[in-house]
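When a ligand or atom number is given, it counts from 1 through the structure's own listing order.
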Amino acid sequence: MEIIADIASLRARLKYETSVAFVPTMGNLHAGHVSLIRIAQQHARCTVVSIFVNRLQFAPHEDFDRYPRTRSNDCRLLEESSVDVVFMPDEQTLYPVSQEFQLLLPVMAETLEGVYRPGFFRGVATVVLKLLNIVQPHVAVFGEKDYQQLQIVRRMADQLNLPVQIIAGETIRAGDGLALSSRNHYLDAIQRQEAVELARHLRQIRDSIASGERDFPLLEQLAIEKLSQRGWMVDYIAVRQQDTLLPASADDSRLAILGAARLGQIRLIDNFLLMLQ
Ligand code: PAF
């Protein structure tokens, strides 16, 4: 495995590769990332993983400074996972000058996470576009855990004619159902026990819809009330169309049930997808 920090060396290393699959990350890697790497490896001869904590996607009050940076553990895991190349640029490499050009995002970026993290998707899309331009992969893999991010990246690749296939990796969950996330490390023991409730309530909504319930606002409201009673600060619980992320109506058959809520200072997001016959 090669660890490369600068763009010229990365391009030289990849120049003669016939197929490249790419997994962008912010590090603090866990089994969820490994599952994305496994998918990447099925699609190309050479797998590149990037580790870069992207300042542009954090608001000033968010956790950029304390975001866990676990470089040596990450490299060990990547080596064990038979990754070919790790791209680990510093800020000066990715943003040598202030990033004046940024993307104008679709309306889809203004809902859900976009309401609570304004600017987040612009920062994500900008860095993802830069990374795709630098690595020039044939395939890039993104987790379904960040479902809205995945849909925005898909649209970006599509509408900007990027020569890359975007592939989704299923959310990987702990034994109790909590979606794996780097931010789970912030949870103390009591919060960790409680954290699974977000997934449990989203799954309950999915199961109710699968059994025929179609009053989506009622299901959303009930989950918000129950989570709030348990001490959560709920940002949203929403039943949406999978492809547009617009509010779903009773005759939609491809649904995403998404939620974001805070336990103390820690904000968790999760989702379940449902395909009706
Ligand atoms: O999902 C993430 O880890 C980040 O948003 C990404 C895609 C690596 C961009 O910084």
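For ligand 1 and V127, the ligand atoms under 4.0 Å from any heavy atom of the residue are 9 (C), 10 (O). Contact atoms of ligand 1 toward T25: 8 (C) (distance under 4.0 Å to a heavy atom of the residue).
Here R76 does not pair with E79 in a salt bridge; the nearest charged N to carboxylate O distance is not below 4.0 Å. Looking at R154 and D243, no side-chain N of the basic residue comes within less than 4.0 Å of a carboxylate O on the acidic one, giving no salt bridge.
Taking the ring centre of Y186 as origin, the terminal cationic atom of R66 falls inside the region bounded by 6.0 Å and 45° from the ring axis.
Side chains of E113 and Y236: a donor-acceptor N/O pair is present below 3.5 angstrom, by distance only.
At least one N or O atom of Q149, backbone or side chain, sits closer than 3.5 Å to an N or O atom of ligand 1.
The nearest heavy-atom contact from the protein to atom 4 (C) of ligand 1 is Q57 NE2, 3.7 Å.
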